[in-house]
Amino acid sequence: MSLKVIISGCARGATRWAYESIKRAGHDVGFCSVFNEHSSPHSVHASVANAEHEIEVSWFSAPFLKHPAVSDIRSVRLCRDPLANLNSISWFGMFQPGRNDLAQEWYHFAARFAPELDGWYRGRPAQAAMYYLCEWYRLLRHAKYEAYAEEGVESLLEAAGLENKTGVVYNNFRCNSSACRHQATGESIKYLPISERFREAATVQGYILDGNEQGNKFSKSSLWNI
């Protein structure tokens, strides 16, 4: 099978929604089937050559978007509201002590490409999550196209160069809901040392931090935040 499109993003960054959306639109798509927690620069050629699907959705692909093996493949960076993404990572426990086995695997993969996770940010889970997002945003800038989860399925399909073969629009965001009890807001994080860098990185992604009666939120458009 020839790999034609890579949808990349951040951990807890709406990739599961993107996979479901593309699958329900009638396309041959895999989820972390080419790029996973074991991927390395040495494995990419073989993984791409042996791809079982035409489309791959995986946040693990971000460090490899400049790899020669994917130079002729359409690449899309999938963006999600940075505060929603931050809260979802916090809920998952990716940077917290006692994390589950899956979260630990994710942590070790991220630390290979964001090395300060094993340095100053170790033991500082909120700032570690922000640092991770900043580093992943930097890697994602190498993608050739971009899509925003807030703008829905049609925006995603357009960025990926795909049509909706079935007419199905998948708008179930439960798989990416942030269930952590204490939600981070722009106000609650602004005194952290990495806060300004996080704000600047989010701006490069295309988001602005809006102040409103619900607390400060990043937003791409006036449609909605997930």
Side-chain angles (χ1 to χ4, degrees), residues 1-80 82 85 105-117 131-165 197 200-207 220:
M1 182 67 67
S2 176
L3 185 62
K4 297 179 180 178
V5 182
I6 296 171
I7 312 292
S8 194
C10 297
R12 303 295 300 175
T15 52
R16 177 67 71 174
W17 164 79
Y19 164 74
E20 291 290 348
S21 295
I22 293 170
K23 180 174 69 173
R24 293 171 192 238
H27 294 278
D28 175 39
V29 57
F31 186 73
C32 300
S33 62
V34 176
F35 297 94
N36 55 49
E37 65 273 20
H38 304 297
S39 293
S40 71
H42 305 293
S43 69
V44 173
H45 278 292
S47 296
V48 169
N50 296 320
E52 297 180 355
H53 304 279
E54 293 184 340
I55 304 159
E56 165 78 347
V57 178
S58 175
W59 72 269
F60 297 109
S61 63
F64 311 110
L65 292 176
K66 290 186 69 177
H67 195 284
V70 305
S71 60
D72 295 328
I73 298 172
R74 188 181 184 106
S75 57
V76 179
R77 66 183 178 108
L78 176 63
C79 306
R80 182 190 183 194
N85 206 161
E105 289 179 353
W106 288 17
Y107 170 82
H108 287 309
F109 180 85
R112 286 165 49 196
F113 304 98
E116 283 303 309
L117 289 173
Y131 164 70
Y132 158 75
L133 287 172
C134 288
E135 290 299 296
W136 239 245
Y137 291 163
R138 179 177 57 82
L139 295 172
L140 289 169
R141 296 302 296 177
H142 297 303
K144 300 167 187 175
Y145 299 87
E146 63 186 13
Y148 291 88
E150 293 86 0
E151 295 182 348
V153 173
E154 294 306 322
S155 173
L156 171 65
L157 294 176
E158 181 179 357
L162 304 171
E163 62 180 20
N164 193 335
K165 296 179 179 181
R197 181 185 173 192
E200 291 173 357
T203 301
V204 173
Q205 284 286 93
Y207 292 87
K220 172 63 170 63

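Position 1 is the first residue of the sequence; numbering continues from there. Fair warning: this is a prediction, and the values are worked out from it, not measured in the lab.
A donor-acceptor pair under 3.5 Å links the side-chain atoms of Glu56 to the main chain of Ser33, judged by distance alone. No donor-acceptor pair closer than 3.5 Å links the side chain of Glu54 to the backbone N or O of His27. Judged by distance alone, with hydrogens and angles left aside, the side-chain atoms of Tyr132 form a donor-acceptor pair with the main-chain N or O of Ala11 at under 3.5 Å. A donor-acceptor distance shorter than 3.5 angstrom exists from the side chain of Ser21 to the backbone of Trp17, with no hydrogens or angles considered. For Tyr131 (side chain) and Glu116 (main-chain N/O), a donor-acceptor pair under 3.5 Å exists by modelled atom type.
For the atom pair CZ (Arg112) and OG (Ser39), the distance works out to 7.5 Å, reported to the nearest 0.5 Å. Atom CG of Asp28 and atom CG of Leu3 lie 10.0 Å apart (nearest 0.5 Å). Here Gln205 contributes atom CD and Leu140 contributes atom CG; the two are 6.0 Å apart, rounded to the nearest 0.5 Å. The line from OG of Ser43 to NE2 of His67 is 7.5 Å long, rounded to the nearest 0.5 Å. Here Ile7 contributes atom CD1 and Leu156 contributes atom CG; the two are 5.5 Å apart, rounded to the nearest 0.5 Å. Of the inter-residue distances, the one linking Glu37 atom CD with Cys32 atom SG reads 8.0 Å to the nearest 0.5 angstrom.
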Could you go step by step and tell me if Lys144 and Ser75 meet the side-chain contact (heavy atoms from CB on, under 4.5 Å) rule? CA-CA 5 Å; Lys144 300 167 187 175; Ser75 57; 3.5 Å; yes
side-chain contact (heavy atoms from CB on, under 4.5 Å) assessment of Leu65 paired with Leu139: CA-CA 8 Å; Leu65 292 176; Leu139 295 172; 5.9 Å; no
Decide side-chain contact (heavy atoms from CB on, under 4.5 Å) for Val44 and Ser47; before the verdict, give the C-alpha distance in whole Å, the side-chain angles of both, and the deciding distance to 0.1 Å. CA-CA 5 Å; Val44 173; Ser47 296; 5.6 Å; no
side-chain contact (heavy atoms from CB on, under 4.5 Å) between Val29 and His53, intermediate numbers included: CA-CA 5 Å; Val29 57; His53 304 279; 5.6 Å; no
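The 12-atom threshold is exceeded at CD of Glu105, counting heavy atoms of other residues, nucleotides or ligands nearer than 6.0 Å.
Minimum interatomic distance between Asn85 and Cys10 (heavy atoms only, all atoms of both residues): OD1-CB, 3.5 Å. Of all the heavy atoms in Trp136 and Gly9, the pair that sits closest is CD1-O, 3.1 Å. Arg77 approaches Ala143 most closely through the heavy-atom pair N-CB, 3.5 Å. Minimum heavy-atom separation, Tyr148 to Ser155: N-OG, 4.2 Å. Minimum heavy-atom separation, Ala69 to His45: CB-ND1, 3.4 Å. Closest of all the heavy-atom pairs between Trp59 and Ser8 is O-OG, 4.3 Å.
You'll find the side chain of Phe109 reaches within 4.5 Å of the side chain of Pro63, heavy atoms only.
Among the candidates Ile22, Ile6, Leu78, the single residue satisfying the side-chain contact (heavy atoms from CB on, under 4.5 Å) test with Val57 is Ile22.
The existence of a salt bridge linking Glu200 and Arg197 is excluded, since no basic side-chain nitrogen approaches an acidic carboxylate oxygen closer than 4.0 Å.
Checked against a 6.0 Å centroid threshold, the rings of Phe64 and Phe113 count as neighbours.
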